[in-house]
Amino acid sequence: MGPASGLLARVSPGVLRAGSRELGTLTPRGHLTYTGPSFQVRLQVQSVDKPQYRGTLHCFQAIIKQESVLGLYRGLGSPLLGLTFINALVFGMQGNTLRALGRDSPLNQFLAGAAAGAIQCVICCPMELAKTRLQLQEAGPARTYRGPLDCLAQIYRQEGLRGVNRGMASTLLRETPSFGVYFLTYDVLTRALGCEPGDRLLVPKLLLAGGTSGIASWLSTYPVDVIKSRLQADGLQGAPRYRGIVDCVQQSYRDEGWRVFTRGLASTLLRAFPVNAATFATVTVVLSYARGEEARLEGDAGSATLAQPSSL
């Protein structure tokens, strides 16, 4: 293992494996910073024939004007319901896979991250389906769903298990490589920046590595995220339009051009850097401190044990 092999890799074998991120309020790729995704989905799925929003800023202003600030957080309950499970799955799977591969290297970091991204889709897909439906439904008494659980229950009654997992294939196509890029970028940058305990610039370096990792992760698969959102919203306001991923890509490109695959990207990247910077820096610093305290206590206990015979 090199001198700058990445602090996360060194702390994950212990604490990240067990609790998979003790700071449960922080989530991979910024799911909890919710202002961005609230209008991100609306921009991604709006009709090209009758566009409701002219861009990110106009969408932001329109939501506040029509629905108040609370409109920015519509569908928040759905991500919160799956938050703890996703945290545990992602960092637990990443740590265990990295150990199973036997060597901490950039390639193994990517593979471990990809495995973590794939496994959490089981929770992420239904969660994001509910979030998308809640964000796009009419506000007020005319709303179809009362909350995320009611949304999933109605979808299950009407469409069965297949309906609850709508968009699973596109979610896998998005999450698997993006989480690989996420952990790979962080590992490469912490090595390059020389992030080591005791460095007085450790926190700024971790912030830079974490924020850049978030941006790289979203850029790597953002067009797939647009397709996923469209597939999960399909049929909510009229007859279903798409027959699958390929058909959605073809229709979207034919009707709206290549720019459709970057719709909502600006708002996503604006929140990606600060959220992921704080996430990785906080997790790494806290867990490094925890591991240091654990080692100190074990050392004290060992010293006491060795000293005991002479004190009798």
Side-chain angles (χ1 to χ4, degrees), residues 1-24 26-31 82-128 165 168-197 206 209-210 212-214 216-218 220-221 224 276 279-295 297-298:
M1 190 177 294
S5 55
L7 290 177
L8 185 62
R10 288 199 292 277
V11 296
S12 62
V15 185
L16 288 180
R17 171 175 55 84
S20 308
R21 215 161 179 181
E22 316 298 3
L23 305 177
L26 295 173
T27 55
R29 302 175 71 225
H31 283 298
L83 201 61
T84 302
F85 300 106
I86 285 181
N87 286 341
L89 281 173
V90 167
F91 278 81
M93 187 66 176
Q94 192 268 348
N96 283 315
T97 303
L98 193 59
R99 277 189 302 281
L101 291 171
R103 189 169 69 92
D104 175 26
S105 67
L107 175 59
N108 287 348
Q109 285 283 352
F110 177 84
L111 294 175
I119 196 67
Q120 59 95 41
C121 289
V122 177
I123 297 174
C124 177
C125 181
M127 181 189 78
E128 293 202 0
N165 288 292
M168 179 63 77
S170 54
T171 302
L172 277 167
L173 288 174
R174 181 194 69 178
E175 299 292 80
T176 302
S178 69
F179 270 89
V181 171
Y182 189 55
F183 284 101
L184 170 64
T185 304
Y186 185 78
D187 181 68
V188 169
L189 285 177
T190 52
R191 292 172 189 264
L193 293 171
C195 296
E196 295 293 341
L206 292 176
T212 306
S213 299
S217 173
W218 275 111
S220 66
T221 57
V224 183
N276 289 283
T279 296
F280 264 122
T282 304
V283 169
T284 305
V285 169
V286 170
L287 294 182
S288 296
Y289 175 79
R291 291 292 294 273
E293 285 295 301
E294 180 183 338
L297 292 174
E298 288 177 355

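Heavy atoms only, all atoms of each residue included: Pro126 and Cys121 are closest at CD-O, 4.0 Å. Across Arg174 and Cys124, no two heavy atoms sit closer than the pair NH2-SG, 3.6 Å. Closest approach of Pro106 to Leu184, counting heavy atoms only: O-CD1, 3.2 Å.
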Evaluate the side chain to side chain contact (heavy atoms under 4.5 Å, CB included) criterion for residues Asn276 and Tyr182: first the C-alpha distance (whole Å), next the side-chain angles of each, then the deciding distance (0.1 Å), finally the verdict.
CA-CA 10 Å; Asn276 289 283; Tyr182 189 55; 2.7 Å; yes

Val90 and Glu175: side chain to side chain contact (heavy atoms under 4.5 Å, CB included), yes or no, with the steps?
CA-CA 11 Å; Val90 167; Glu175 299 292 80; over 6 Å; no

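Residues satisfying the side chain to side chain contact (heavy atoms under 4.5 Å, CB included) test with Leu173, not counting sequence neighbours, are Val224, Ile245. For Val122, the side chain to side chain contact (heavy atoms under 4.5 Å, CB included) test picks out no residue, with sequence neighbours left out. Legend: residues meeting side chain to side chain contact (heavy atoms under 4.5 Å, CB included) with Thr97, ordered by chain and number and at least two apart, are Met93, Leu101, Ala112, Ala115. Judged as a side chain to side chain contact (heavy atoms under 4.5 Å, CB included), and not counting sequence neighbours, the contacts of Thr176 are Ala114, Ala118, Leu172.
Of the inter-residue distances, the one linking Gln120 atom CD with Met127 atom CE reads 7.5 Å to the nearest 0.5 angstrom. Atom-to-atom distance recorded for Asn108:CG and Arg99:CZ is 13.0 Å, nearest 0.5 angstrom. Atom CZ of Phe179 is separated from atom OG of Ser213 by 12.0 Å, given to the nearest 0.5 angstrom. Here the straight-line distance linking atom CZ of Arg191 with atom OG of Ser105 works out to 7.0 Å at 0.5 Å rounding. Note that the OG1 atom of Thr212 and the CG atom of Leu189 stand 5.5 Å from one another [nearest 0.5 Å]. Taking CD from Gln109 and CZ from Arg103, the interatomic distance works out to 11.0 Å, rounded to the nearest 0.5 Å.
Remark: the backbone N or O of Phe183 is not paired with any side-chain donor or acceptor of Asp187 at under 3.5 angstrom. In this structure a side-chain-to-backbone donor-acceptor pair under 3.5 Å is present from Ser217 to Ser178.
Considering only heavy atoms from C-beta on, Tyr186 comes within 4.5 Å of Leu206 through its side chain.
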